[in-house]
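Okay, so here's the structure we're looking at.
All residue numbers refer to positions in the sequence shown, counting from 1.
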Amino acid sequence: YQFAQVVRDGLVVDYIGATNIVRRLVGQLEERLGRTLTHAAIAVPPGTGVKDSATHRFVVEGAGLEVTAILDEPTAANAVLGVDNGAIVDIGGGTTGLSILEQGEVVYVADEATGGTHLTLVLSGSYRVSFEEAEMLKKDPARQGEILPVVRPVVQKMASIVNRHIAGRDIEALYLVGGTCCLKDMEAVMAKETGKTVFKPANPLLVTPLGIALNCYAGEHGHGY
């Protein structure tokens, strides 16, 4: 994992930077695994257009991998979570995306531009520090208790996005994934604002990447890579 500002609101804004990072991370993995990686799956925010999805694919191909699947992020997360009925809420750096599932099938997806970057901007302004310093502050376990009250309005905005998209639907529970959801007690705010039962995995950051990998298949026999 490497923090970078090469994607904004789910869209690649620095193609060269993104490609270099992916190439470097692939090299690190190949060295650790002792094997060559040849195929990859990618995930994009729900509702991402074909043209924008293609840009993500070009980044991965530029790193020397063949893309075998493109899916939306919350759906990728469900490969790990196995939700039959409920809504998966994926809060990344730039967007809040969700997939509503009924009997294990995705029936609705949505995505709006509010995410971890907005939390960082609020912290930057409140503490009068740089964006980079605010990003480190946000991830400091020792400061989590004092951070939540400062960024609560942004989390409430995320909850309002969820409320708008689940309105009129019989949602049993919400499942939070994405790096932003690592914020301590964020799930309590989400539960209060939505009135729903909220579940958060031990490490929300890794759920979607794992789900993406589980959706990567190559060859006619469907061997996973």
Side-chain angles (χ1 to χ4, degrees), residues 1 9-10 41-49 53 69-119 138-139 141 144-145 147-149 151-217 224:
Y1 174 79
D9 296 340
I42 61 175
V44 296
T48 301
S53 296
I70 301 176
L71 55 157
D72 69 80
E73 290 163 344
T75 300
N78 201 40
V80 177
L81 299 175
V83 175
D84 287 324
N85 295 284
I88 297 175
V89 181
D90 191 328
I91 306 177
T95 67
T96 295
L98 76 159
S99 287
I100 295 177
L101 296 105
E102 295 178 358
Q103 298 181 345
E105 296 293 328
V106 176
V107 297
Y108 180 82
V109 295
D111 186 70
E112 293 194 28
T114 300
T117 297
H118 301 78
L119 298 182
K138 183 177 69 175
K139 297 175 181 178
Q144 293 278 291
I147 288 174
L148 185 60
V151 300
R152 183 182 294 269
V154 183
V155 179
Q156 291 173 324
K157 170 66 183 301
M158 295 170 180
S160 72
I161 291 173
V162 174
N163 278 332
R164 185 161 61 253
H165 289 289
I166 67 174
R169 296 178 180 271
D170 184 19
I171 301 297
E172 295 182 358
L174 304 177
Y175 300 82
L176 302 184
V177 299
T180 301
C181 296
C182 293
L183 181 64
K184 186 174 182 290
D185 295 330
M186 179 178 177
E187 63 274 21
V189 178
M190 192 69 71
K192 181 179 179 180
E193 297 295 323
T194 63
K196 301 294 183 181
T197 300
V198 178
F199 297 102
K200 185 171 82 170
N203 194 332
L205 173 65
L206 299 180
V207 174
T208 300
L210 178 56
I212 296 170
L214 290 172
N215 277 278
C216 179
Y217 297 95

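Between atom SG of residue C181 and atom CG of residue D90 there is a gap of 7.5 Å, rounded to the nearest 0.5 Å. Atom CG of L214 and atom CG of L210 lie 4.5 Å apart (nearest 0.5 Å). From E105, atom CD reaches atom CD1 of I100 across 14.5 Å, with rounding to the nearest 0.5 Å. With rounding to the nearest 0.5 angstrom, the CD atom of E187 is 3.5 Å from the NZ atom of K200. In this structure, OG1 on T208 lies 8.0 Å from CG on L81, to the nearest 0.5 angstrom.
In this structure, M190 and L176 have side chains that are in contact, with non-hydrogen atoms separated by less than 4.5 Å. Put simply, the side chain of E172 does not reach to within 4.5 Å of the side chain of T197, judged on heavy atoms. Counting only heavy atoms from C-beta outward, the side chains of V109 and S99 approach each other to under 4.5 Å. Between M158 and T180 the shortest side-chain heavy-atom distance falls below 4.5 Å. No side-chain heavy atom of D84 sits under 4.5 Å from any side-chain heavy atom of Q103. Side-chain contact between V155 and L119 is present, with at least one heavy-atom pair separated by less than 4.5 Å.
One N or O on the side chain of D72 and one on the backbone of T75 form a donor-acceptor pair closer than 3.5 Å.
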* Asked: After noting the C-alpha distance and the side-chain angles of V89 and I91, does the key distance pass the side chain to side chain contact (heavy atoms under 4.5 Å, CB included) rule?
  -> CA-CA 6 Å; V89 181; I91 306 177; 3.8 Å; yes
* Asked: Hey, mind stepping through L101 and V107 against side chain to side chain contact (heavy atoms under 4.5 Å, CB included) and telling me if it holds?
  -> CA-CA 6 Å; L101 296 105; V107 297; over 6 Å; no
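E112 has a carboxylate O that lies under 4.0 Å from a charged side-chain N of R164, or vice versa, which qualifies the two as a salt bridge.
Between Q144 and L183 the shortest heavy-atom distance is OE1-CA, 3.3 Å. The shortest heavy-atom contact between K138 and G116 is NZ-O, 3.1 Å.
Side-chain atoms of S160 and N163 form no donor-acceptor pair, as typed in the model, at a separation below 3.5 Å. Residues T96 and D111 bring no donor and acceptor atom of their side chains to less than 3.5 Å of each other.
A parallel orientation is assigned to the rings of F199 and Y175, their planes being inclined by less than 30° (bins at 30° and 60°).
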